[in-house]
There are 2 protein chains.
Amino acid sequence: MDAEPKNTGGKIEPWGDITPDAARRLVNAAVHAFAERGYHATTTRDIAGRAGMSPAALYIHYKTKEELLYQISKVGHERALKIVERARDSEGTPAERLADAVRSFVRWHAEHHMTARVVQYELGALAEEHHAEVIAVRKATDGAVRSIIEDGVKAGAFDVPDVRGATVAVLSLCIDVARWFNAQGRSTPDEVGDLYAGLVLRMVGAGGQDRP
Amino acid sequence: MDAEPKNTGGKIEPWGDITPDAARRLVNAAVHAFAERGYHATTTRDIAGRAGMSPAALYIHYKTKEELLYQISKVGHERALKIVERARDSEGTPAERLADAVRSFVRWHAEHHMTARVVQYELGALAEEHHAEVIAVRKATDGAVRSIIEDGVKAGAFDVPDVRGATVAVLSLCIDVARWFNAQGRSTPDEVGDLYAGLVLRMVGAGGQDRP
DNA sequence: ACGGAGGGTGAGCAAGCGCTTAGAGGTGCC
DNA sequence: GGCACCTCTAAGCGCTTGCTCACCCTCCGT
């Protein structure tokens, strides 16, 4: 019904800060189309149609279809990185910081699962230089999670024989939420975040102490 | 009894039982192309070229491009299901059966990560009836894993407050191996399988399976 | 009142897409 | 040899794709 994003707080619609209005509508349309059908299966006519304009109007705001994907992928990756960096730099024990990182990272992937699906699973369609740029952000995300786990191992709070492998597993588990999460499903983003935080603490051998 | 494909040569080829030779070459070419670029980004000319024949030759063995994907997706899903069903029906404690399921499931996804990537991430491109068929196999896989976890909970060997959620998480973790695994990486399929079996046992609270 | 600017449109182009067709070559059976 | 059969190719058809272009609106400072 109401396809217009109200954008008072920017909480529900993650692209509320884009101007002009038509450009924001295009990004929202592209996110939904890319998430549902994939980048290569969606046409510029489909994106423009969802945004309520003619195919040619797309090119007033974006040079190519790939530039739309790049905008979504870049901003999305930076938001995801900030989430784990904030958890890494916060006060608290390694277990608290890891649980915080997983909880908020997963919550973001569930709440914005359309955006996250494009961010995490369509980056292969990016042009080479854009792809390299995004890969650098992903490596930073991996490094942030790994440093939390390393802190826990050094402090004797975690039991992790293979830190690299555990980091890959934890991130993989969280990222994949974007693939299977369904807004009409039985779990809310908060519930999945809490569940996953507990599962990850067990994976790193930090369970049993601070949990009743 | 041997569910594994015939291994005529020294190398493990997951599609060795397809005849004639040209059809097998087409499936192999399609698997590599779909895995690298995605279904919608690969052309029939690309597939035929990789198989060493002209574009028209594809249509002697397969009616459409989608039928190729369907063949790959269907057979792949059935193989993955058989792996977890065998573990579910084997003798042993729930912890041993869950570890077995995860180890062999993950090993398959790593060893055949090209095929598995197509199987797990390109099913959205299937025609509706083929998609429904494949979804049914996925539900069976989910049910098999869940029944192992339920057995463990009933036996008091696992500590899992949310069986459905844990099942989704375990399967998601294992499936996503196909996305990130790289044959040139530092881990072998066996190593990843062992690592993941241990991680999953911790996730379900069966960490002390060695000690009573 | 009016000219310029920028957001928007209908029509359409060149290229590439999935797929088809007419026919060539090899092989085995009578 | 004659014929049917199977595999494969060169050429190309009809259509869709990403993208462009000439032109039309509305708004706005002077």
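Owing to the predicted nature of the structure, the values given are computational and were not obtained by experimental measurement. Naming: A, B, ... by sequence-line order, numbering from 1 per chain.
In this model, the phosphate group of C/dG18 is approached by a side-chain N or O of B/T44 to a distance below 4.0 Å at OP1 or OP2.
If you measure from atom CD of A/E66 to atom P of D/dT17, you get 19 Å, rounded to the nearest angstrom. At whole-Å resolution of the value, CD1 in A/I60 and P in D/dC25 are 15 Å apart. Taking atom CG of B/L58 as the reference point, atom C1' of C/dC17 lies 14 Å away to the nearest angstrom. Look at NE2 on A/H61: it is 13 Å from C1' on C/dT9, rounded to the nearest Å. For the pair B/D21 CG and D/dC6 P, the interatomic distance rounds to 18 Å; values are reported in whole Å. One atom, CG of A/D46, and another, P of D/dT16, lie 14 Å apart when rounded to the nearest Å. Atom-to-atom, NZ of A/K65 to P of D/dG18 comes out at 4 Å; the value is rounded to the nearest Å. Counting to the nearest Å, the P atom of C/dA24 and the CE atom of B/M53 are 21 Å from each other.
Here the side chains of B/L171 and B/R138 are not in contact, with every heavy-atom distance at 4.5 Å or above.
Ion pairing between A/R24 and A/D21 holds under the 4.0 Å rule for side-chain N and carboxylate O.
Side chain of B/Y59, nearest nucleotide from D/dT9, C/dT9, C/dG18: C/dG18.
Checking B/G52 against A/T64, the closest nucleotide of DNA chain D that is more toward the 5' end is the one next to B/G52.
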| message | Before you tell me yes or no, could you show the steps for B/D46 and B/R37 under side-chain contact (heavy atoms from CB on, under 4.5 Å), namely the whole-Å CA-CA distance, both residues' side-chain angles and the distance that decides it to 0.1 Å? | response | CA-CA 11 Å; B/D46 184 23; B/R37 306 213 236 279; 3.0 Å; yes
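Checking B/L195, B/T188, B/D194 one by one against B/E191, the side chain to side chain contact (heavy atoms under 4.5 Å, CB included) holds for a single residue, B/T188.
Contact annotation for A/T43: backbone-only contact, meaning every heavy-atom pair under 4.0 Å involves sugar-phosphate atoms and none involves a base.
Remark: the A/R45 side chain and the D/dG18 base include a donor-acceptor N/O pair separated by less than 3.5 Å.
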